[in-house]
Visitor: 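Questions regarding the structure given below will be posed in turn.
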Amino acid sequence: MPNLSSRTETFTDSVIRRMTRISMQYGAVNLSQGFPDFDPPKALLDRLAAVSHEDFHQYSITWGAQNFREALAEKQSRFMARPIDPNREIVVTCGSTEAMMAAMMTAVDPGDKVIVFSPFYENYGADAILSGAEPIYVPLHPPAFNFDADELENAFRQNPKALILCNPSNPCGKVFTEDELRFIATLAERYDTFVITDEVYEHIVYAPHKHTYFASLPGMWERTISCSSLSKTYSITGWRLGYIIASPAIIENAKKVHDFLTVGAAAPLQEAAVTGLRFGDDYYRELAAVYTAKRDLFLRGLDDLRIAHTDPQGAYYVLLDVSEFGYADDLEFCEVLARDVGVGAVPGSSFFREPVNHLIRLHFAKRDDTLFDALNRLESLRQKIKPRK
Ligand code: GLN
């Protein structure tokens with residue numbers, strides 16, 4: 001057999017998704033890969049059932065069904081406070097995973113540099129490799145996960161083509177303040193750089209923190225490629241509905257990339273999801289309230305167990321400090337945790353550029369009884385996992 005491509009040798013399969021398989025193998029409560037175990041809104045399910053008997057079984061328009069783009073444009077115009085053109089400023093993709101990949105391939109040539117904050121969502125590493133880009137990592141410093149202005153400007157001095165901005169951030173839960181975003185915007189302008197955003201947690205933000213759309217900052221519309229999805233907002237991660245919003249000049253090229261990558265997102269699911277896109281503002285307030293209650297429940301439980309953790313401002317992840325167990329390999333720790341304690345987590349090292357192996361990531365997008373089950377299991381953590389010397 002000839003050699004397989006060298007690009008596939010430089011990264012592993014997703015550790016997040018591997019931990020879901022390991023959790024299933026041990027029957028662990030799976031708090032690794034972030035997805036809910038509660039139902040999507042009933043109105044979406046009812047519409048999905050009805051759609052199966054309607055005429056939506058063939059390809060939709062490659063950059064998204066008209067009906068879906070119109071509903072999305074209406075919703076995002078409301079939240080992003082600028083009119084979005086459904087015909088020229090949207091590409092509908094198979095989840096934001098495809099949106100991010102297509103955005104990278106649209107903006108970046110092989111050999112170009114791309115700024116990535118660390119910790120980062122693991123896909124960005126693979127996205128960079130697959131599009132031939134070279135990441136420049138800029139640390140977000142714990143405990144507040146702030147960036148250092150000089151470190152960031154030094155990265156911009158290396159002539160990057162784009163910066164990837166995950167806001168609210170997975171895994172650290174940071175919600176960038178408007179001042180921080182304006183500082184990034186100044187640098188993006190000064191060094192003539194694109195900003196590719198991943199805003200899938202745009203509606204999961206904890207008061208008093210507020211989400212600011214990067215594209216809505218003065219002068220940023222022309223250089224921002226906004227990626228997001230319906231997965232987290234409507235609890236439909238399996239529907240794989242995402243999108244890119246950007247200026248017509250960018251979208252024209254993104255449409256071509258998307259067309260040859262996947263042709264299009266599933267037509268019946270786009271049609272059913274229109275129901276969600278048409279929800280009023282109450283829906284988003286309720287979603288934030290539900291997640292605020294889950295965050296409070298889960299963090300209180302961790303405090304009772306005396307486990308040190310991050311305090312997320314947005315998204316639904318928490319990083320736990322497990323340094324007391326002395327494991328040199330956090331993947332091994334997560335395997336032992338799934339097997340002996342029965343809780344699935346993601347090793348922190350899969351998110352950090354820096355050599356970090358004392359953190360694990362759990363998520364709390366689960367029913368309250370699932371969260372209580374996980375907390376009950378974690379009670380035996382210190383009996384079941386003995387510290388290593
Ligand atoms: N964003 C989710 C997480 O970080 C998972 C996304 C995925 O697996 N596609 O766990």
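Counting starts at 1 for both ligands and their atoms, in listed order. Residues take their numbers from the sequence shown, with the count starting at 1.
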Visitor: Please determine which of Phe38, Trp239, Tyr283 meets the ring pair (Phe, Tyr, Trp, His ring centres under 6.0 Å) test together with Tyr234.
Guide: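 Result for ring pair (Phe, Tyr, Trp, His ring centres under 6.0 Å) with Tyr234: Tyr283.
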Visitor: Please identify which atoms of ligand 1 are closer than 4.0 Å to at least one heavy atom of Asn170.
Guide: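 It comes down to these atoms of ligand 1: 1 (N), 3 (C), 4 (O).
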Visitor: Which ligand 1 atoms does Tyr201 reach within 4.0 Å, using its non-hydrogen atoms?
Guide: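 So the atoms of ligand 1 that pass are 1 (N).
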Visitor: Quick one: look up the protein heavy atom nearest atom 6 (C) of ligand 1 and list residue, atom name and how far away it is.
Guide: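 It is Tyr121 OH, 3.0 Å.
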Visitor: Tell me whether ligand 1 is touched by Tyr316 - counting only heavy atoms on the residue side and a distance under 4.0 Å.
Guide: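 Contact absent.
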Visitor: For ligand 1, which is the ligand I care about here, please tell me if Gly34 has any N or O atom under 3.5 Å from one of the ligand's N or O atoms.
Guide: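 Min N/O separation from ligand 1 is below 3.5 Å for Gly34.
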Visitor: Just need the protein heavy atom nearest to atom 3 (C) of ligand 1, so name the residue and atom and give the distance.
Guide: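 I find the closest protein heavy atom is Tyr317 OH, 3.2 Å.
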Visitor: Looking at Phe176, I'd like to know if the NZ or CZ of Lys174 sits under 6.0 Å from its six-membered ring centre while staying within 45 degrees of the ring's axis.
Guide: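 Yes; both conditions hold, so Lys174 lies above the ring face of Phe176.
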Visitor: Does the residue Arg361 have a heavy-atom contact with ligand 1, meaning some pair of atoms that are separated by less than 4.0 Å?
Guide: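 True for this residue.
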Visitor: Got an N/O contact under 3.5 Å between Lys232 and ligand 1?
Guide: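 So ligand 1 has an N or O lying under 3.5 Å from an N or O of Lys232.
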Visitor: Do NZ/NE/NH1/NH2 and the carboxylate oxygens of Asp281 and Arg285 come within less than 4.0 Å?
Guide: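 Answer for the salt bridge query: no.
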Visitor: So, do Pro36 and Tyr291 sit near enough that their side-chain heavy atoms are less than 4.5 Å apart?
Guide: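 Yes. Closest side-chain heavy atoms under 4.5 Å.
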Visitor: When you measure from atom 7 (C) of ligand 1 to every protein heavy atom, which one gives the shortest distance, and what is it?
Guide: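 The closest one turns out to be Arg17 NH1, 3.0 Å.
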Visitor: Are the aromatic rings of Phe68 and Tyr243 close, with centres under 6.0 Å apart?
Guide: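 No, too far apart.
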Visitor: Please work out whether the ring planes of Phe145 and Phe352 are parallel, tilted or perpendicular, with thresholds of 30° and 60°.
Guide: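 Rings of Phe145 and Phe352: tilted, as their planes differ by 30° to 60°.
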